[in-house]
Protein chains: 2
Amino acid sequence: MAKKILIVEDDQDIVDLLKYNLEKEGFKCYSASNGAEAVGVAMNKEPDLIILDIMMPELDGIETCRVIKSKPKLHDTFVIFLTARAEEYSEIAGFEAGADDYITKPVKPRVLISRIKAILSRKKDQHSISKIQHGDLVIDRDTFKVSIQNKHFTLPKKEFELLFLLASKPDKVFRRESILSKVWGTDVSVVDRTIDVHIRKIREKVGDEKIKTIKGVGYKFVL
Amino acid sequence: MAKKILIVEDDQDIVDLLKYNLEKEGFKCYSASNGAEAVGVAMNKEPDLIILDIMMPELDGIETCRVIKSKPKLHDTFVIFLTARAEEYSEIAGFEAGADDYITKPVKPRVLISRIKAILSRKKDQHSISKIQHGDLVIDRDTFKVSIQNKHFTLPKKEFELLFLLASKPDKVFRRESILSKVWGTDVSVVDRTIDVHIRKIREKVGDEKIKTIKGVGYKFVL
DNA sequence: TGTCAAAGTTAACAGAATGTTAACAGGATT
DNA sequence: AATCCTGTTAACATTCTGTTAACTTTGACA
């Protein structure tokens, strides 16, 4: 299946150039001309990678990147910054904001493509684990299905993400702050009691014994 | 052990808003209305985190940040910048000056608080070895498990921290004051007897022989 | 050996942290 | 439009840690 790439850039000429070259390489392309639009498209299309111009009116690239990275759904999306050479320290701020790479203008399509391929191949090695299987527990990201002890169910998204996180490292204690930032993202403002409620709902389904509370710290999943 | 936060902002309304919300969350707040004052208060109170408005007369936020970061005593203090959206690339200069995060005005208290908590929790994660293993003793921060001589248990937080500290250097004598500041923090006021009680509880679990008292000095963990 | 500060011990308490339930808003679906 | 479902918050209940106080024991030193 073709990898999806979102190009965010206000200069239509550059968009066209990139689009042409990327599609020739078999990528599926989307584009947006400003930060706000970019976030919308990203949420909608869930691209594998986003090419983000730093210089943009309104919501600039860095801020956009931050917003994107704060969405749990897009947390693993790769981001490449496009930057004019003059903008000296942009890469510093960019990496801080969670960028995976940056490329200086003028863009040479060949360079861009080789960088993109390099980055996308990282993904294979790293995360994108879509299935967890420990003992009688099976959690499948693709189908959002969970089965444990002959019980099967599909969890709502947030519950699923939370369980997936905990079960990704059985026995490891995840502290509440860490859970919040990983499942809910850093920018959201949810009361931390929200975690308890979700834990409650998960416990109702997978059984109380499976999730253990470490008071003052957080929760852990046990087999 | 309330974390100390210094708010540097010339608009008194914002100071009040932030102060109100932060104190509600249990933070101890100080404030300063300009850069010079900020440095003074910072040196004096040694806050854990500083919220710094970028736009200030005289010594602006970025310059103030530099000065602060140049003081060894304050080098590890976290800094969050407050910036109006209009000041486009301020964050670049800000990060360069050593900021840890920045937030755009208007400030939403909840967002601010979740960022603050995220940042403060970073510190914890950093300088902590997560596993101690000496002979038949295993203490694992990740799982909060302690096992010794075929006995396993999960300790409450304070007991865990205390045992973890002592066991981090077997045979080393930790003086009471040192234990207090490391486990309880510097700005709390707990009665001295509290340590004994915790030692007692730990001894009940790991065995009396493991923790030895050095009268007039403190305690040490022996294998 | 007697004295006194330091540490041990126990129980009781307060408050923090979490559990639990219900209600509600907003989005998706029918 | 009516209904369902999710995510969130609020309100209240419950559990358990951390701390204190009061009392006892230990051990160093005169």
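For the numbers below, each heavy atom of this structure counts, side chains included, while hydrogens, waters and symmetry mates do not. Here is the naming used below: chain letters follow the sequence lines, and residue numbers restart at 1 for every chain.
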Quick one: do Arg203(A) and Glu209(A) make a salt bridge, cutoff under 4.0 Å? no

So if I take residues 193-206 of chain A and measure heavy-atom distances to DNA chain D, which residues fall below 4.0 Å? Arg193(A), Thr194(A), Val197(A), His198(A), Lys201(A)

Distance criterion of 3.5 Å, no angle test: do you see the side chain of Lys215(A) paired donor-to-acceptor with the base of dT15(D)? yes

Mind calculating the distance between CG (Leu180(B)) and P (dG18(D)) to the nearest angstrom? 14 Å

Rounded to whole angstroms, how far apart are CD1 on Ile214(B) and C1' on dA5(C)? 17 Å

Measure the distance from CG on Asp208(B) to P on dT26(D) and round it to the nearest whole Å. 13 Å

If you compare every side-chain N and O of Arg176(A) against the phosphate oxygens of dA17(C) (OP1, OP2), does one of them come in below 4.0 Å? no

When rounded to whole Å, the NZ to P distance for the pair Lys212(A) and dT18(C) reads 15 Å

When you check the side-chain N and O atoms of Glu177(B) and Ser181(B), is any donor under 3.5 Å from an acceptor? no

Quick one about Arg176(B) and Tyr219(B) (side-chain donor to acceptor, distance below 3.5 Å, no hydrogens or angles considered), yes or no? yes

Between P of dT17(D) and CZ of Phe144(B), the distance in whole Å: 13 Å

Taking only the side-chain nitrogens and oxygens of Thr213(A), find out if one of them lies under 4.0 Å from OP1 or OP2 of dG19(C). yes

Nearest whole angstrom, please: distance from the P of dT8(D) to the CD of Glu159(A). 11 Å

Can Asp16(A) and Lys19(A) be counted as an ion pair, charged N to O under 4.0 angstrom? no

Under 6.0 Å from the ring centre and within 45 degrees of the ring axis: does the NZ or CZ of Lys158(A) meet both conditions for the six-membered ring of Phe160(A)? no

Please check if atom NZ in Lys151(A) has more than 12 non-hydrogen atoms from other residues, nucleotides or ligands closer than 6.0 Å. yes

Assess whether atom NZ of Lys205(B) is packed by more than 12 heavy atoms of other residues, nucleotides or ligands within 6.0 Å. yes

Do any side-chain nitrogens or oxygens of Tyr219(B) fall under 4.0 Å of OP1 or OP2 in dA6(C)? no

Using only side-chain N and O atoms of Trp184(A), determine if any of them is under 4.0 Å from OP1 or OP2 of dT8(D). yes

Using whole Å, what does the distance between atom P of nucleotide dT9(D) and atom NZ of Lys158(A) come to? 11 Å

To the nearest angstrom, how far is Asp192(A) atom CG from dA10(D) atom C1'? 14 Å

